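We name chains A, B, ... by the order of the sequence lines, and we start the count at 1 in each one. None of these values were measured; they are calculated from a predicted model.
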Amino acid sequence: MSVRRLRGRQELWLGLLGVLLAFGVCEAVSRAGLVRRSYLPPATEVLGRAVELAGDPVFLDGIGATLRAWALGLGLACAIAVPLGLLLGSVPLVDTATRAIVELLRPLPSVALIPLVSLLLGSGTETEVALITYASVWPILFNTVYGLGETDPLAKDTLRAFGFGRLAVLLRAELPATAPFIAAGIRISAAVALILAVATEILSGFGEGLGIFIAQAGLATDGTRDVLAGVVWAGTLGLVVNGLLVWGERRLFPWTPEHREAAGGGARV
Amino acid sequence: MSHATRTQEQGTERMLQLTAVGQHYGDHRVLHDITLTVPAGQLLCVVGPSGCGKSTLLRTIAGLLPAREGTVTIDGAPVTGVPDSLAVVFQDYGRSLFPWLTVRDNVALPLRRRGLGRAERRAEADRILDRVGLSGAARRHPWQLSGGMQQRVAIARALVCRPTLLLMDEPFGSLDAQTREDLEDLLLEVHRTDGTTIVFVTHDIDESVYVGDRVVVLSPGPGSRIVRDLPVRLRGQRDQIATRGLPEFVALRAEVGRAVRSREAE
């Protein structure tokens, strides 16, 4: 346990060191005049601006709008992908029948669909949510199908031997066993959804949101500082969301092999 | 009451009847012409080299695998699905117990099919956990327990519905010697008190003679059949040290061992 904690602390310091180094290089390059300040403002200025934005009500409304679209899109993706994944994973016939369509749609880069969907749905929230949903469905869908396939046949047989039927096996064995896979899929999708939210806003160009802020700052003279401050916000949002989801997974699924040690008491034989 | 006298007292009432049972996967024969009558209350051990279809036999009796040939009847009724009166303990407790449930909820799970309320299910689970010596572990999770304790949980879960037929598939195969002996004695105690009919599959010849009222030896696959059917008559109550030293125990163990080996050599 203590070795683990020590390693954790070491990782934390190393991570911090990496951040500080990158930060220092940006700062030095800009201050030394190696590149023009309007291309790369010093890191302290960018960070200062990012902090300043936290007190700007208009900017915060934009963040709120982006997060609302993100949450709505991700929620819709879950509502579609989890039941669909359960269906595909438990009825091989449906899986085979839809395999070709799924493999055709999957590699399409969602960002490339922005112009098309904008044409169909306009450049409002509908487009943004639709694109977020589309892009977020895949990781959740595939993780659900994969997780179902990984369910231990012995766990299913155990329930069957106690006289439980097909539906009970799905709900009491397959679904709980798949839940950690679904959660990991949602975590991947959460990052994808954030990318799509900001990208759609930047490309559609009007309304409100973090992407709009970045797009408009990019048009202004000497806007690089604001663009980078917006990017810092986007990165921070992603970091916080990921951290929260990892924490939630650890709380909800302490039994998975990677969490067991942390929860105290690996299987002793 | 000693094993020997009890075995003679039962005897007449058939619990489990297999008639010319055969199994195959495609061209691969697993079991061939298995005919076996198990009277109520008997503890039957099925021994055979690994890969001889012992587990397949057990899954067939449990109704998890429909018999391709022949018939299986339990209490006179042909097995079509999984019979109600039956419970199974698998070797791999780590995969058979549900890690997301507490020990108590794992044990109470089969009771959900009996229409019991939550409080009744808990009370029943606690009663049976107490019996297998795990009353302190009810609120822990299976993966927080040692292998032996996990298998006790699996046994408790199998007993909670008071099955009339208990099937065990190499239940102690992955445990250390000391734990295995403790669980063998726990099983014998359960059998003595409840009079449950038990089919116990093992590849351990010693264990089969120690635990069983009767030992049936299967030939190695493909197409395993019954090559030996021996009653076990041993003096007094079983004791890990004394019983294993009895001349009749040693003789029986040798006989079972020869039956297993002779077929292996062919």
Cut-off 4.5 Å, heavy atoms of chain B, and the answer for A:F253 is neither

Could you list the residues that satisfy salt bridge (charged side-chain N to carboxylate O under 4.0 Å, His left out) with A:R172, not counting sequence neighbours? none

Is B:L109 close to chain A through its backbone or its side chain, or both, or neither, when contacts mean heavy atoms under 4.5 Å? both

Closest approach of A:G163 and B:R113, non-hydrogen atoms and distance? O-NE, 2.9 Å

Distance in Å, A:F162 CZ paired with B:R112 CZ, rounded so as to fall on 0.5 Å steps: 14.0 Å

Distance check, rounded to the nearest 0.5 Å: A:L154 atom CG versus B:F90 atom CZ? 5.0 Å

Residues of residues 176-190 of chain A near chain B, each having a heavy atom less than 4.5 Å away: A:P176, A:A177

For B:D84, which atoms come within 4.5 Å of any heavy atom of chain A: side chain, backbone, both, or neither? neither

Sorted by number, residues from residues 69-101 of chain A in contact with chain B (heavy atoms, under 4.5 Å): none

Would you say A:F142 has more than 12 foreign heavy atoms packed within less than 6.0 Å of its CZ? yes

Check whether any side-chain heavy atom of B:R59 lies under 4.5 Å from a side-chain heavy atom of A:D157, and answer yes or no. yes

Set out, in order, the CA-CA distance, both residues' side-chain angles and the distance that settles ring pair (Phe, Tyr, Trp, His ring centres under 6.0 Å) for A:W255 and B:W100, then state yes or no. CA-CA 6 Å; A:W255 73 79; B:W100 48 86; 5.5 Å; yes

Where on A:A168 is there a heavy atom nearer than 4.5 Å to chain B: the side chain, the backbone, both, or neither? neither

List the residues meeting side chain to side chain donor-acceptor pair (under 3.5 Å) with B:R121, not counting sequence neighbours, and say none if there are none. none

Nearest 0.5 Å please: distance from the OG1 atom of A:T256 over to the CH2 atom of B:W143. 8.5 Å

Choice from B:V88, B:L64, B:L167, B:V82 maximising heavy atom contacts with chain A below 4.5 Å: B:L64

